[in-house]
There are 2 protein chains.
Amino acid sequence: MAAANVRDVAALAGVSVGTVSNVLNQSKHVSPATSQRVLAAIDELGFIRNDAARQLRVGQSRTVGFMVLDVSNPFFTDIARGVEDTLTQFNRSLLLGNSGEDAGRELGYLDLFEEQRVSGLLITPVGDVLPRLERLRSRGSPVVLVDRHENADSFSSVSVDDRLGGRLAAEHLLDTGRTSLAFLGGPASILQVADRAGGARDALASRGAAPLRVLEFDAMRAEAGRQGAEQLLALSAGERPDAVFAANDLIALGVLQGLTHAGVRVPDDIAIIGYDDISFVADAAIPISSIRQPAWEMGRAATELLMAEIDDPGAHDYRHVVFQPELVVRESTVGGGAAQAG
Amino acid sequence: MAAANVRDVAALAGVSVGTVSNVLNQSKHVSPATSQRVLAAIDELGFIRNDAARQLRVGQSRTVGFMVLDVSNPFFTDIARGVEDTLTQFNRSLLLGNSGEDAGRELGYLDLFEEQRVSGLLITPVGDVLPRLERLRSRGSPVVLVDRHENADSFSSVSVDDRLGGRLAAEHLLDTGRTSLAFLGGPASILQVADRAGGARDALASRGAAPLRVLEFDAMRAEAGRQGAEQLLALSAGERPDAVFAANDLIALGVLQGLTHAGVRVPDDIAIIGYDDISFVADAAIPISSIRQPAWEMGRAATELLMAEIDDPGAHDYRHVVFQPELVVRESTVGGGAAQAG
DNA sequence: AATCGCACTTGAATCGATTCAGGTATCTTC
DNA sequence: GAAGATACCTGAATCGATTCAAGTGCGATT
């Protein structure tokens, strides 16, 4: 059975194809009676419009591409849900690509998005793709950067003040009586990581505290945290920090596991604070304090910026939404029942 | 700047559009020299083929739809990665829909997938969509059920032997000396939940153990586990089970948190075993034993079944791949350093 | 009765890649 | 050197929804 097309619908309803199209798009005035007949025909034939034809004619699709850094990190799936929920309101849908921090895969998805003529693109870039993004935009697909604020001048973006986040984390640890802080993070080349560490250093300096000890790892996964715990355990009691600031929650979970497994009491001996506030840190056996980034809201904001650019392609005032991170205190830094979500 | 099309490429390369198409699709014999010129023209113009036009002509897209139950559950994102990795090999891409266990959203995505003429569909159905799926298939988009085996006769499917999983969990708890088991799960109307509980009951019965105490919750999230912990704590010491079998790992995490928070020692006082083996249970402060489902492999298998049907649409022998679950022992059931991944 | 305005409808042209029957040049073979 | 085979190339027709200039019918106005 070949799928019905507008011509079949028009024939059955006794109208022209133009009228069917008008009904489908609720655009022009169509008399209620006619509309009714067309809808009945659509229903009877089980007609579903061929989006490829629509797209070919109109020149653009109703889908928006979202290139995610790592789908296995709940932080990014939370952003994705914000994007999806918002797109639904705009009657558009989501084409999700997962670069997995791989520049090659990223390029592959960019090709796909361009072949699809996506109406817009949200991306947390991995490789050096800015020229590519410029081209996409020049061809009618606006681009919004998510969780990146480099090259702020040429693209709209949504980001979080990572420096402030780092400061909040360090200040909280100092406020709760810690004196010696270690930072466990991914490569310093990642701007977020550098900013978070930088913010922590600012806080330490302004309070005259001991300098930040930095342990650097390749990937921001739990395994890095476990390695970090080992390195901390290898230090003499005098050298060992009494607080850990992890660049993200996956690392924090790894550290927690490594330390408690070795009999270190958290937070009594060593406090731990993470970053992102993914739900799993609240569910950890010792709930982990974290710096909350409003993931869902970031997704929504990015989508709204994108829709604004789509609706007004002429405008060249690229906007930057910067969210404020927020300290969430849990037992991993204050112990007992004293913890309160903040 | 209007994007270049095949005609522009053909003109620049001094060939016909047909030849450009042949180069693009590497199908017919094209002389190396001509091919070179065409590729050069493509490069110079920055030509990217318009997939809508391709799709309109060919009648089908190169994308496969995947309708996920809950993107925030790592189990499903792991399946999605298996799907994505496999599709990449087949040179196709993924259109991801997240029903969030909402039948309404599910229908919305089915419309979208049908408008897009996806070349196939993977779905963990929520609502009563089988007639709809039949129609999709009759219109050229084969369907494979993921993690469901109801209506096994009319669709290919990939699933896991949940009954065996339940038995493995219960037997492991009995083997480690537990005598009184509680099952914390979602609504019994979900087949997976019923099967897992059923498998556990089988094991208890065949060993002559005490019957399974079942606590039922609405959603399979960590919050349910916390509530379950409260209910367990409210029982008198005599009544309280010495082992918990959680229907999924999110629940297990919640139980663990609730129990340890109240000072109950895990596993000494109460052992906990979860289901799915998401990575976060291994990273929990007390790593949780679990029943592993091979998520990535399920994604791959489902995709391969789908591709087989796409390549041979005539065949009506629907295949069913049933994976075996696997016990993974961690500290939440055996304590100390004795745990070993199984 | 003629004219105009309004509301609704028509249908040919269009988007761009693919297809495939048919064309041309070059090479083989007897 | 003629017939046939081979390799490569051409370009008009096609997919199906949308667009928009043009058309139709009907009531209101003069």
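Lettering of chains follows the sequences in order, A, B, ..., and the numbering in each one begins at 1. Given the structure is predicted, the values throughout are model-derived calculations rather than measurements.
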*Side-chain donor-acceptor pair under 3.5 Å between B:Ser141 and B:Arg117, yes or no?*
no

*Would one find a side-chain N or O of B:Arg49 under 4.0 angstrom from OP1 or OP2 of C:dT18?*
yes

_Side chains of A:Ser159 and A:Ser157: any donor to acceptor distance under 3.5 Å?_
no

*asked:* Can you work out whether B:Arg37 or A:Ala53 has the more 5'-proximal nearest nucleotide on DNA chain D?
replied: B:Arg37

_With a cut-off of less than 4.0 Å, is there a side-chain N or O of B:Ser31 near OP1 or OP2 of D:dC8?_
no

*Please state how far atom CD in A:Gln116 lies from atom P in C:dC15, giving the value in whole angstrom units.*
21 Å

*Decide yes or no, distance alone: a donor-acceptor N/O pair under 3.5 angstrom between the base of D:dT14 and the side-chain of B:Arg57.*
yes

_Students often get this wrong, so: under 4.0 angstrom with heavy atoms, is A:Val20 touching a base, only sugar-phosphate, or nothing?_
nothing

*asked:* Checking A:Gln192 against A:Asp147: is there a side-chain donor and acceptor pair closer than 3.5 Å?
replied: yes

*asked:* Counting only side-chain nitrogens and oxygens, does B:Asn5 get under 4.0 Å of the OP1 or OP2 atom of C:dG16?
replied: yes

*Tell me: CG of B:Leu56 to P of C:dT18, nearest whole Å?*
11 Å

*Atom-to-atom span, CZ of B:Arg7 to P of D:dA13 - whole angstrom*: 13 Å

_Protein-nucleotide distance (B:Asn22, atom CG; C:dT19, atom C1'), rounded to Å_ = 9 Å

*asked:* By the definition side-chain hydrogen bond (donor to acceptor under 3.5 Å, both in side chains), identify the one residue from B:Asp78, B:Thr86, B:Asp85 that meets it with B:Trp296.
replied: B:Asp85

*Taking for each residue the nucleotide of DNA chain D bearing the nearest heavy atom, is the 5' side occupied by B:Thr34 or by B:Val58?*
B:Thr34

_A:Asp51 CG to D:dG16 C1', straight-line distance once rounded to whole Å_ = 11 Å

*Using a cut-off of strictly less than 4.0 Å, decide whether B:Thr19 has a side-chain nitrogen or oxygen near OP1 or OP2 of D:dC9.*
no

*Between A:Asn25 and D:dA17, does any side-chain N or O lie under 4.0 Å from OP1 or OP2?*
no

